[in-house]
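To find a chain, count down the sequence lines: A is the first, B the second, and so on, and within it residues start at 1.
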Number of protein chains: 2
Amino acid sequence: MQHTELKVGELARRTGLSIRALHHYDEIGLLKPSAHTASGHRLYTAADIARLSHILSLKQLGFSLEEISETLGRADFSALRVVELRLQRAREQLAEQRQLCDRLDSLARQLRAAEPVSADDFLQTIEAMTMFEKYYTPEQLKELEARRQAMGDENIKQVEAEWPRLIASMREQMEQGADPASEPVRALATRWRELVRAFTGGNPGIEKSLQTLHQQEPQVAQRQGRDPKLMEYVGRAMACLDAPK
Amino acid sequence: MQHTELKVGELARRTGLSIRALHHYDEIGLLKPSAHTASGHRLYTAADIARLSHILSLKQLGFSLEEISETLGRADFSALRVVELRLQRAREQLAEQRQLCDRLDSLARQLRAAEPVSADDFLQTIEAMTMFEKYYTPEQLKELEARRQAMGDENIKQVEAEWPRLIASMREQMEQGADPASEPVRALATRWRELVRAFTGGNPGIEKSLQTLHQQEPQVAQRQGRDPKLMEYVGRAMACLDAPK
DNA sequence: CCTTGAACCTCACGCGACGTGAGGTTGTAC
DNA sequence: GTACAACCTCACGTCGCGTGAGGTTCAAGG
């Protein structure tokens with residue numbers, strides 16, 4: 001007698017599947033053992049095992065159990081078409097995974113660069129990223145990323161530390177009613193413009209996207225202390241810079 | 001009065017979430033609206049909306065709803081650690097996705113190259129791929145792929161068509177009891193070795209892996225008609241080739 | 001005041017691929 | 001006879017909602 005028929009435990013051990021999984025395949029009709037002992041124990045024949053190996057192959061390719069059932073059921077299926085469809089799905093998922101990794105990686109670097117990571121900072125950073133992805137094109141994001149790399153973490157930290165001071169100074173001038181054309185304000189406005197340029201790199205597309213972002217989402221600027229009134233004051237100061245003394 | 005409180009429908013419309021999703025967040029305690037009308041309608045305050053925006057941000061990063069709950073619950077969490085853990089998971093998933101895409105792509109190319117795609121051919125191809133991935137290292141697989149590219153689809157088709165003929169001829173000799181050292185067998189054995197060389201490229205690592213595969217999985221060779229007896233005969237013929245006439 | 005239709009409410013089942021018990025039977029070795 | 005492993009069949013839990021069913025409330029028009 002051939003001792004070829006296997007019981008579930010044996011088959012599970014050999015395939016690495018769980019017994020429950022094999023039971024499940026039986027339940028849904030994907031792999032019903034061809035034989036049973038008198039007492040109801042499952043007996044898998046060589047043919048069953050062959051079918052299982054097919055099932056595992058298709059599973060590896062990411063097909064659902066239902067798809068596998070259908071595929072194995074019909075003999076007339078177009079293998080190429082099936083695989084190409086699956087490939088398309090896999091490519092889409094791959095792109096999403098890549099995006100997710102990029103986002104996380106970028107976030108992690110930001111967090112490493114800026115030490116003080118309160119819960120609020122964290123969430124703000126994420127939201128800033130979301131905004132970025134919403135308002136900048138992928139090419140623009142690449143350019144921004146490249147510029148960040150070129151600047152290095154320390155420079156970025158310095159600039160990020162400088163912004164609040166600059167904003168505070170500017171606000172002080174405004175609240176004291178200083179003339180936007182006055183010398184101290186001109187100096188601050190010049191530095192302001194430099195910092196913005198350092199960010200945009202002078203790329204007009206990025207400048208435009210930045211403008212759109214500020215128009216559509218005023219709360220972003222506001223959270224940094226740049227409320228509409230201040231921004232208007234800065235705008236006037238900028239205009240004075242361009243105009244001759 | 002501020003009209004700031006939103007009902008579910010409004011909030012759903014603005015966030016792009018479904019009403020059911022918001023109900024779900026309420027059910028699991030992730031986002032419970034701070035207020036209700038006398039009749040029980042949900043009213044989301046500005047604070048609720050802020051929390052929701054945090055939730056959506058973390059969701060974008062691939063956190064589960066439970067993880068989001070925990071993260072938002074504690075104020076002392078280490079943002080960097082959380083993100084790095086998530087990044088690690090994402091990277092692993094990315095690698096898997098990439099592998100899956102490679103497999104599917106390779107399979108699709110094989111199918112496009114070899115026209116006759118019966119269900120059986122298809123499954124055999126998949127299983128061959130599975131075996132390959134099991135017995136060859138990634139570097140070896142790259143080399144094999146490169147060699148395939150270099151050969152071109154037509155050459156591969158020719159070789160794949162030649163193998164069954166070669167195997168059949170060899171079997172004929174064996175069954176007729178021909179001496180492994182005889183001239184016709186020498187010719188067949190020479191061609192056999194050439195075809196194997198075309199595959200392995202003479203790379204000893206690949207030759208070794210191929211041997212291991214044949215030892216561990218005799219049914220692979222058997223399916224192509226190369227049963228142990230035949231293989232032994234071939235082995236003797238090879239030995240005669242190396243030995244002087 | 002009444003009606004209509006949109007928007008809201010609360011159950012409660014469904015998916016996909018099993019994991020994880022609970023509680024009982026069978027097979028095998030001593 | 002008695003352990004103990006391996007098997008059996010329910011049946012609920014997972015995760016993030018979708019999708020009804022069946023009922024109430026709201027806002028506007030007649």
Margin query: Tell me whether the count of non-hydrogen atoms from other residues, nucleotides or ligands lying under 6.0 Å of NZ in K32(B) goes above 12.
Written below: yes
Next item on the list: State which of dC7(D), dG18(D), dT25(D) makes the closest approach to the side chain of V8(A).
Entry: dC7(D)
Next item on the list: Hey, which sits more toward the 5' end of DNA chain C by its nearest nucleotide, S18(A) or S39(A)?
Entry: S18(A)
Notebook entry, point to check: Looking at the side chain of R42(A), which of dG16(D), dC8(D), dC18(C) is the nearest nucleotide?
Noted result: dC8(D)
Next item on the list: To the nearest Å, give me how far apart CG (L11(B)) and P (dC8(C)) are.
Entry: 10 Å
Note to self: Counting only side-chain heavy atoms from C-beta out, which of dC17(D), dT9(D), dC7(D) sits nearest to K7(A)?
What the structure shows: dC7(D)
Margin query: What is the separation between atom NE2 on H24(B) and atom C1' on dG20(D), rounded to the nearest whole Å?
Written below: 18 Å
Margin query: Measuring from the side chain of H23(B) (C-beta onward, heavy atoms only), which nucleotide among dC9(C), dC17(D), dC7(D) has the closest atom?
Written below: dC9(C)
Next item on the list: Specify the separation, in whole Å, of atom CG of L22(B) and atom C1' of dC9(C).
Entry: 14 Å
Item checked: Any T37(B) side-chain N or O less than 4.0 Å from OP1/OP2 of dT25(D) -> no
Check: Out of dC17(D), dT10(C), dT26(C), which nucleotide sits closest to the side chain of R20(B)?
Finding: dC17(D)
Next item on the list: Given side-chain contact (heavy atoms from CB on, under 4.5 Å), test H214(A) with Q211(A) step by step and report yes or no.
Entry: CA-CA 5 Å; H214(A) 279 153; Q211(A) 250 183 18; 5.9 Å; no
Checklist line | NZ/NE/NH1/NH2 to OD/OE distance under 4.0 Å, R42(A) and E5(A) | finding: no
Notebook entry, point to check: Taking only side-chain nitrogens and oxygens of K59(A), does any of them come within less than 4.0 Å of OP1 or OP2 of dC18(C)?
Noted result: yes
Next item on the list: Please state how far atom CD in E27(A) lies from atom P in dG19(C), giving the value in whole angstrom units.
Entry: 12 Å
Note to self: When you measure from the side chain of D48(A) to the backbone of P33(A), do you find a donor-acceptor pair of N or O atoms at a distance under 3.5 Å?
What the structure shows: no
Item checked: Nearest-Å distance for atom pair NE2/C1', residues H36(A) and dC8(D) -> 10 Å
Margin query: Looking at dC18(C), I'd like to know if its phosphate oxygens (OP1 or OP2) sit under 4.0 Å from a side-chain N or O belonging to Y25(A).
Written below: yes
Notebook entry, point to check: Nearest of dG18(D), dG27(C), dC17(D) to any side-chain atom of H41(A)?
Noted result: dG27(C)
Check: Does a salt bridge link D105(B) with R91(A), judged by any charged N lying under 4.0 Å from a carboxylate O?
Finding: yes
Next item on the list: Return the value, rounded to whole Å, for the distance between atom CD1 of I19(A) and atom C1' of dG21(C).
Entry: 14 Å
Item checked: A21(B) side chain, from C-beta outward: closest of dC7(D), dT25(D), dC17(D) -> dC17(D)
Notebook entry, point to check: Roughly how many Å is it from CD1 in I28(B) to C1' in dT10(C), rounded to a whole number?
Noted result: 17 Å
Notebook entry, point to check: In whole angstrom, what separates I68(B)'s CD1 from dC15(D)'s P?
Noted result: 13 Å
